[in-house]
Amino acid sequence: MRISSKLATIFVLTSLLIIIISGTLFYAQGLMVIEGGNLIQLESGLILIMSGLVMFSVVLGLFFSRSFTDPVKKLMVSIDKMAKGKLDVKIDVSRNDEFGDLARAFNEMQFKVKQSETALEKEVEKRTEDLNETISKLKKSEGAAKQIAENLASAIERQKKMEKSKIEFLTITSHELRTPITPMKAQLQMVLCEYFGKINDEQRKSMDLILKNMTILDTLIGDILDISKLDSGVMKFDIQKENLNNVVESSVNLMRIKSKDKKISITLESQGIPPVMIDRDRINQVVLDLLNNAIKFTGEGGKIMVSISDEINHAVVSVKDNGIGIAEKDQGRIFEPFEQVDSSMARKFEGTGLGLAVCRGIIEKHGGKISIKSQPGKGSTFLFTIPYESKKRPEDVSVELFTVNAGEKQ
Amino acid sequence: MTKVLIVDDHEDIVETLKILVEKEGFSSDTAFNGEELLGKIESVNPNLILLDVMMPGLTTRDILKGIKEKGLAPKIILITVVRFSEQEIQKLSEEFNVVDYIQKPFDIPLLISSIKKAAEGSGKQE
């Protein structure tokens with residue numbers, strides 16, 4: 001029976017009891033008025049009836065109360081079990097009342113919770129698998145990264161060894177090539193200095209010619225080695241804070257002696273400029289080479305002007321001559337190795353064709369630029385810049401001396 | 001008389017320098033490697049050594065150390081194909097009494113000038 005029906009029954013029965021008791025009391029009082037002598041006997045009968053009714057009510061109450069409390073207790077025990085994690089608890093659903101409905105709803109909820117838990121467990125399991133897979137992949141990646149790092153370290157090591165080998169090769173080559181020239185040149189100079197007795201003019205002329213070509217050969221070896229060192233990045237630079245005016249002036253003074261033979265005047269104009277960070281010997285080498293070129297390509301009695309000027313962020317050194325000049329089409333390639341304008345000129349002016357390429361390499365290593373302005377028949381001006389603050393050390397500047405246009409003569 | 005010890009593994013260079021040094025009025029002795037130099041340096045007791053920088057066997061630093069360890073302090077001119085920076089020369093000078101370096105192929109007047117300058121200090125040139 002449903003709870004609502006039971007409550008209705010209790011209500012009806014209780015109402016009936018109240019009506020019966022009230023009716024009996026009302027009737028008994030009526031009897032007392034009519035037949036006062038038998039009142040005590042009647043009251044005893046009434047008390048007996050009422051006691052029976054009370055007993056019945058108590059039994060009925062107990063019965064109904066148990067039918068309420070039992071399912072509630074069962075429900076509470078199940079909820080408690082669920083709360084403790086036992087999700088497979090179920091409540092007996094044999095009843096057909098509200099408690100039965102509640103138990104079914106509870107069982108349904110338990111089923112859904114269980115289902116959710118199963119789904120959740122599966123999800124967790126899947127996620128765990130995914131996580132393990134990711135960890136495994138990460139471990140593999142870590143292994144791969146370690147391998148890459150090892151390979152990289154090994155490549156760097158190989159590169160260092162290669163660079164060391166290059167330096168050793170160039171040093172040994174330099175030594176081996178110059179070693180035989182050394183006693184040849186020294187002995188010739190000794191003959192010319194008449195260490196072994198007087199020599200006549202013809203002998204001197206002959207010795208001078210040998211010595212001159214030996215010097216060209218030595219310069220060529222030096223230039224080739226410089227080109228190789230610049231190109232492979234192994235040329236050493238001893239960078240110090242220097243006064244550029246002093247460096248240029250010392251080169252000018254040295255070349256004034258050489259220019260006397262052709263009666264060429266060399267003037268020097270200089271502005272006060274801040275000190276620069278340079279390799280003194282290398283910049284000297286550039287200035288000497290530019291002056292040497294200017295003397296070679298300037299006729300007798302010509303003029304060479306060297307100037308040092310101060311620009312924003314950099315110093316500019318220019319070497320201007322009033323020599324034969326260079327055609328515009330040739331100006332772009334004179335800084336390439338072996339790109340002297342034409343071979344007949346190279347022979348006439350005894351150049352190696354490498355000097356200007358070396359100059360470009362040295363200036364670029366200092367963070368500067370070298371360029372030319374020239375008009376055939378009027379002369380040439382070579383300019384190079386030296387930044388006051390170079391962002392990179394020469395070792396970190398890569399120089400490309402051999403370009404794709406090299407060798408493609410117009 | 002200033003005694004010059006010429007050390008180079010190239011026989012022709014040694015011969016050339018020997019002629020040059022003697023023509024300039026110095027006495028000379030020769031060695032062809034670092035071991036030979038260290039073996040005879042005490043008996044020769046030179047005032048000046050012309051030392052080639054790249055020879056087989058002992059390194060230049062080992063040779064310079066060896067000379068110093070023997071308690072000798074001759075002046076040393078290095079003969080080299082490589083450039084030295086001023087700092088390097090200064091350091092070698094302080095550590096090993098290196099007074100100059102000459103680049104190969106050397107220029108005779110320049111070499112003579114360097115040898116004479118070094119000999120002046122020794123006060124033994126006659």
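Chain A is the first sequence line, chain B the second, and so forth, proteins listed ahead of strands; every chain is numbered from 1. Everything quoted here is computed from the prediction, not taken from an experiment. Keep in mind that the numbers below use all heavy atoms, side chains included, and drop hydrogens, waters and symmetry copies.
- When the heavy atoms of residues 8-21 of chain B are compared with those of chain A, the residues falling under 4.5 Å are H10(B), D12(B), I13(B), T16(B), I19(B), L20(B), listed by number.
- Within residues 191-205 of chain A, the residues having any heavy atom under 4.5 Å from a heavy atom of chain B are, by residue number, Y195(A), F196(A).
- Counting heavy-atom pairs closer than 4.5 Å to chain B, the top-ranked of the candidates K185(A), Q240(A), R282(A), M214(A) is R282(A).
- When I221(A), I172(A), T179(A), L177(A) are compared by the number of non-hydrogen pairs under 4.5 Å with chain B, T179(A) comes out ahead.
- Distance check, rounded to the nearest 0.5 Å: NZ of K104(B) to CG of D218(A) gives 12.0 Å.
- Heavy atoms closer than 4.5 Å to chain A are found nowhere in L110(B), neither backbone nor side chain.
- Atom CE of M190(A) is separated from atom CD1 of I108(B) by 6.0 Å, given to the nearest 0.5 angstrom.
- Applying the ring-ring contact (aromatic ring centres under 6.0 Å, His included) test to every pair with at least one member in residues 202-255 of chain A, sequence neighbours left out, gives these pairs: F237(A)-H366(A).
- The distance from the CZ atom of F106(B) to the CD atom of Q189(A) is 9.0 Å, given to the nearest 0.5 Å.
- By a heavy-atom distance cut of under 4.5 Å, D52(B), M54(B) are the residues of residues 48-68 of chain B near chain A, going up by number.
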